[in-house]
Amino acid sequence: MAKLLSCVLGPRLYKIYRERDTDRAASSVPETPTAVPAASSSSWDTYYQPRALEKHADSILALASVFWSISYYSSPFAFFYLYRKGYLSLSKVVPFSHYAGTLLLLLAGVACLRGIGRWTNPQYRQFITILEATHRNQSAENKDRVMQCSPSLPGISGDPLASWRQLANYNFDFRSWPVDFHWEEPSSRKESRGGPSRRGVALLRPEPLHRGTADTFLNRVKKLPCQITSYLVAHTLGRRMLYPGSVYLLQKALMPVLLQGQARLVEECNGRRAKLLACDGNEIDTMFVDRRGTAEPQGQKLVICCEGNAGFYEVGCVSTPLEAGYSVLGWNHPGFAGSTGVPFPQNEANAMDVVVQFAIHRLGFQPQDIVIYAWSIGGFTATWAAMSYPDISAVILDASFDDLVPLALKVMPDSWRALVTRTVRQHLNLNNSEQLCRFQGPVLLVRRTKDEIITTTVPEDIMSNRGNDLLLKLLQFRYPRVMAEEGLRAVRQWLEASSQLEEASIYSRWEVEEDWCVSVLRSYQAEHGPDFPWSVGEDMSADGRRQLALFLARKHLHNFEATHCTPLPAQHFQMPWHL
């Protein structure tokens with residue numbers, strides 16, 4: 001009866017991964033590390049075959065889940081309609097509650113039938129036994145040892161780690177996956193500066209919209225309606241527009257693709273899935289591909305990937321550093337796929353913090369061996385990590401932007417300008433440039449020349465690409481004397497170029513001598529140290545400042561002729577320039 005109850009209450013099992021041969025598991029990388037191996041057709045075949053009873057019951061419950069989600073999103077309109085028609089009176093609500101109760105009982109019966117179907121399936125019974133054994137054997141020491149071992153060993157008796165290893169062979173509802181790393185683990189905060197509280201990590205707060213105004217009780221009362229409106233907009237329409245990947249219906253539609261992506265990472269790249277518990281209680285779904293055991297030097301570097309607003313590590317930008325041969329750690333935003341919570345900036349930063357801590361203290365990478373790579377809106381968490389962990393090796397931002405406000409104003413009516421600005425600043429403040437300017441290490445920006453998302457006018461207007469503003473703000477902070485009037489004008493002309501030929505023409509027009517630029521920068525660094533901002537160019541001619549400005553712009557920004565969502569090829573994934 002206990003096993004039957006476990007089958008009734010147990011998680012849904014999606015797939016049993018095919019066995020990985022020991023040679024591949026030992027190397028954890030294909031013979032040609034410059035490309036991710038193409039999965040064979042059998043890789044996508046599920047090795048878990050549910051019985052008919054379980055299969056049909058799962059379909060009914062999945063359909064009920066979709067209907068519940070649709071009802072949830074349409075509930076305000078439904079309540080308004082029922083109120084106008086007079087259906088919310090007690091005489092009408094009581095019969096409706098009886099119907100709802102009957103439906104819930106029927107669904108509970110379907111869940112019991114599904115449990116019986118699972119109980120008659122030896123594959124599911126074996127899985128639930130392994131899952132229960134894993135929950136019994138949770139300890140920090142066991143988790144550390146599991147992350148260093150191959151996850152496929154026979155048997156679970158006599159070895160407390162065997163269940164952990166075997167559990168990695170199953171893909172199931174991630175809510176039942178045991179926690180692999182906790183933000184409060186003692187070893188995770190030995191080198192941190194105090195660490196986060198349960199409220200969350202530190203964020204840069206926006207300045208008040210009206211500075212100098214006395215914050216009296218009367219002023220607070222006057223602001224209250226606007227603040228309530230901003231809160232409601234941010235927590236309903238705003239958050240879902242900004243992070244559409246957190247919408248349940250979209251995730252449901254993408255589920256087959258996500259399962260295929262996980263199968264490729266686990267079966268073909270020997271990926272290891274882990275659940276991290278952030279300081280706000282959110283559970284973060286991660287995937288780690290270790291290539292330190294290969295002869296390729298880039299395998300010693302870990303690339304932490306930050307996905308876009310509808311991106312998942314299963315099918316996202318992790319493929320680029322994987323094809324380039326790096327070790328990779330991908331993670332999903334809060335509320336995306338296996339991660340819990342909602343993707344507000346504070347939750348995003350909390351998630352990024354536990355991911356970096358996991359990379360350092362559980363996976364064993366030094367901060368100097370970690371590169372943060374972000375695509376699109378992932379630039380927020382990437383720049384937060386760069387600001388909060390200044391010892392990391394480098395930051396690469398692909399198709400990212402400087403600030404969310406101009407992009408939000410682009411898609412909303414002009415009459416909403418004040419509301420949109422207030423809502424973004426108070427609840428959805430993605431201040432990428434402000435955070436990036438607090439990082440002292442190497443930075444590379446990748447600008448999409450046909451980007452249709454982060455341009456404020458049309459894709460053909462390359463000067464409206466907010467990646468330009470991100471570059472200019474970074475250079476103006478780091479090299480304020482060089483980016484004076486002459487240098488700023490030269491860089492704007494270079495950014496306006498619509499082709500490589502035009503870029504080269506502007507570069508040659510000012511006769512940029514790269515050797516001279518490097519020598520000037522190295523001399524300044526040797527005399528004054530590496531910390532930004534630099535005063536180099538203070539006593540330099542206008543021509544010299546133009547040369548330095550163009551040289552620095554070219555080193556910090558690379559163009560990629562593509563639209564916003566085109567995957568970045570591995571040959572365009574380069575480490576940032578540094579002296």
(request) Could you check R448, E503, Q500 and say which one makes a side chain to side chain donor-acceptor pair (under 3.5 Å) with N559? (result) E503
(message) For the backbone of D285 and the side chain of S339, can you confirm whether one donor and one acceptor N or O come within less than 3.5 Å of each other?
(response) yes
(request) Using atom types as modelled and distance alone, determine if a side-chain donor or acceptor of N309 lies under 3.5 Å from a backbone N or O of L242. (result) yes
(message) Would you say that more than 12 heavy atoms from the other residues, nucleotides or ligands in this model lie under 6.0 Å from the CZ of R417, or not?
(response) no
(request) Could you walk me through whether L407 and R466 pass the side-chain contact (heavy atoms from CB on, under 4.5 Å) test, one step at a time? (result) CA-CA 8 Å; L407 299 174; R466 297 305 297 188; 3.7 Å; yes
(message) Could you check whether any side-chain heavy atom of F312 comes within less than 4.5 Å of a side-chain heavy atom of Q262, counting everything from C-beta outward?
(response) no
(request) Test ring-ring contact (aromatic ring centres under 6.0 Å, His included) on W577 and H558 and set out the steps. (result) CA-CA 11 Å; W577 168 83; H558 291 177; over 10 Å; no
(message) Taking the six-membered ring for Trp, are Y243 and H333 closer than 6.0 Å centroid to centroid?
(response) yes
(message) Looking at Q571, I want to see if its CD is surrounded by more than 12 non-hydrogen atoms of other residues, nucleotides or ligands under 6.0 Å.
(response) yes
(request) Compute both the distance and the angle, then confirm whether R273 meets the cation-pi test with F288: under 6.0 Å from the six-membered ring centre, within 45 degrees of the axis. (result) no
(request) Determine the minimum heavy-atom distance between R422 and S230, stating which atoms define it. (result) CD-OG, 3.4 Å
(request) For D353 and W384, work out which heavy atoms get closest and say how close. (result) CB-CH2, 3.6 Å
(request) Check whether any side-chain heavy atom of L471 lies under 4.5 Å from a side-chain heavy atom of D469, and answer yes or no. (result) no
(message) For L250 versus P244, what's the shortest heavy-atom pair and its separation?
(response) CD2-O, 3.3 Å
(request) State, yes or no, whether a side-chain contact exists between I396 and L445 at a heavy-atom distance under 4.5 Å. (result) no
(request) List in chain and number order the residues that pass salt bridge (charged side-chain N to carboxylate O under 4.0 Å, His left out) with E283, two or more places apart in sequence or in another chain; answer none if no residue qualifies. (result) K275
(message) Using modelled atom types and a 3.5 Å cut-off, is there a donor and acceptor pairing between side-chain atoms of Q440 and backbone atoms of P390?
(response) no
(request) Verify the ring-centre separation between W534 and Y524: is it less than 6.0 angstrom? (result) yes
(request) Can you establish whether the number of heavy atoms outside W516 located under 6.0 Å from its atom CH2 is more than 12? (result) yes
(message) Tell me if the centroids of the rings in Y313 and F336 come within less than 6.0 Å of each other.
(response) no
(message) Would you say Y507 and E502 are linked by a side-chain donor-acceptor pair, where the criterion is simply a distance under 3.5 Å?
(response) no
(request) Assess whether side-chain contact (heavy atoms from CB on, under 4.5 Å) is satisfied between V420 and T423, documenting all intermediate values. (result) CA-CA 5 Å; V420 170; T423 301; 5.8 Å; no
(message) Pairing donors with acceptors under 3.5 angstrom, does anything connect the side chains of S65 and Y248?
(response) yes
(request) Might you work through the side-chain contact (heavy atoms from CB on, under 4.5 Å) test for L404 and F380, ending with a clear yes or no? (result) CA-CA 10 Å; L404 181 62; F380 172 74; over 6 Å; no
(message) Measuring only between side-chain heavy atoms, which start at C-beta, is T455 closer than 4.5 Å to E460?
(response) no
(message) Counting neighbours of NE2 on H528 that are heavy atoms of other residues, nucleotides or ligands and sit closer than 6.0 Å, is the number greater than 12?
(response) yes
(message) Using 30° and 60° as the class boundaries, would you call the ring planes of Y231 and H427 parallel, tilted or perpendicular?
(response) perpendicular
(request) Could you check if a side-chain atom of F560 sits within less than 4.5 angstrom of a side-chain atom of P569, using non-hydrogen atoms only? (result) yes
(message) Is it the case that the side chains of N465 and D451 hold a donor-acceptor pair, with the cut-off being a distance below 3.5 Å and no angle test?
(response) no
Cut-off 3.5 Å, no hydrogens considered: what does the side-chain donor-acceptor table look like for residues 472-489, sequence neighbours left out?
{"unit_1": "K473", "atom_1": "NZ", "unit_2": "D402", "atom_2": "OD2", "d": "2.7"}
{"unit_1": "R478", "atom_1": "NH1", "unit_2": "G441", "atom_2": "O", "d": "3.3"}
{"unit_1": "R478", "atom_1": "NH2", "unit_2": "F439", "atom_2": "O", "d": "2.9"}
{"unit_1": "R478", "atom_1": "NH2", "unit_2": "G441", "atom_2": "O", "d": "2.7"}
{"unit_1": "E485", "atom_1": "OE2", "unit_2": "R489", "atom_2": "NH2", "d": "2.7"}
{"unit_1": "E486", "atom_1": "OE1", "unit_2": "R545", "atom_2": "NE", "d": "3.4"}
{"unit_1": "E486", "atom_1": "OE1", "unit_2": "R545", "atom_2": "NH2", "d": "3.3"}

(request) Check whether more than 12 heavy atoms from other residues, nucleotides or ligands sit under 6.0 Å from atom CG of D414, and answer yes or no. (result) no
(request) Would you indicate whether the side-chain heavy atoms of L568 and W375 approach each other to under 4.5 Å? (result) no
(request) Decide if atom CD of E561 counts as having more than 12 heavy atoms of other residues, nucleotides or ligands within a radius under 6.0 Å. (result) no
(message) Less than 4.0 angstrom from a charged side-chain N to a carboxylate O is my criterion; do R447 and D398 meet it?
(response) no
(message) One pair to check against side-chain contact (heavy atoms from CB on, under 4.5 Å): M352 and W331. What are the steps and the verdict?
(response) CA-CA 9 Å; M352 188 66 190; W331 61 282; 3.6 Å; yes
(request) Report yes if the side chains of Y373 and L397 come closer than 4.5 Å at any heavy-atom pair, otherwise no. (result) no
(request) Give the minimum heavy-atom separation between A570 and A324, together with the two atoms involved. (result) CB-N, 4.1 Å
(request) Grab the two heavy atoms, one from I284 and one from N332, that are nearest each other, plus how far apart they are. (result) CG2-O, 3.8 Å
(request) Supply the atom-to-atom distance I304 CD1 to Y326 OH, rounded to the nearest 0.5 angstrom. (result) 14.5 Å
(request) Would you kindly say whether K301 and S327 are connected by a side-chain donor-acceptor distance under 3.5 Å? (result) no
(request) Using a 4.5 Å cut-off on heavy atoms from C-beta on, say whether the side chain of M575 contacts that of L444. (result) no
(request) Please report the shortest heavy-atom distance between C269 and V289, naming the atom on each side. (result) O-CG1, 3.4 Å
(message) Looking at L501, I want to see if its CG is surrounded by more than 12 non-hydrogen atoms of other residues, nucleotides or ligands under 6.0 Å.
(response) no
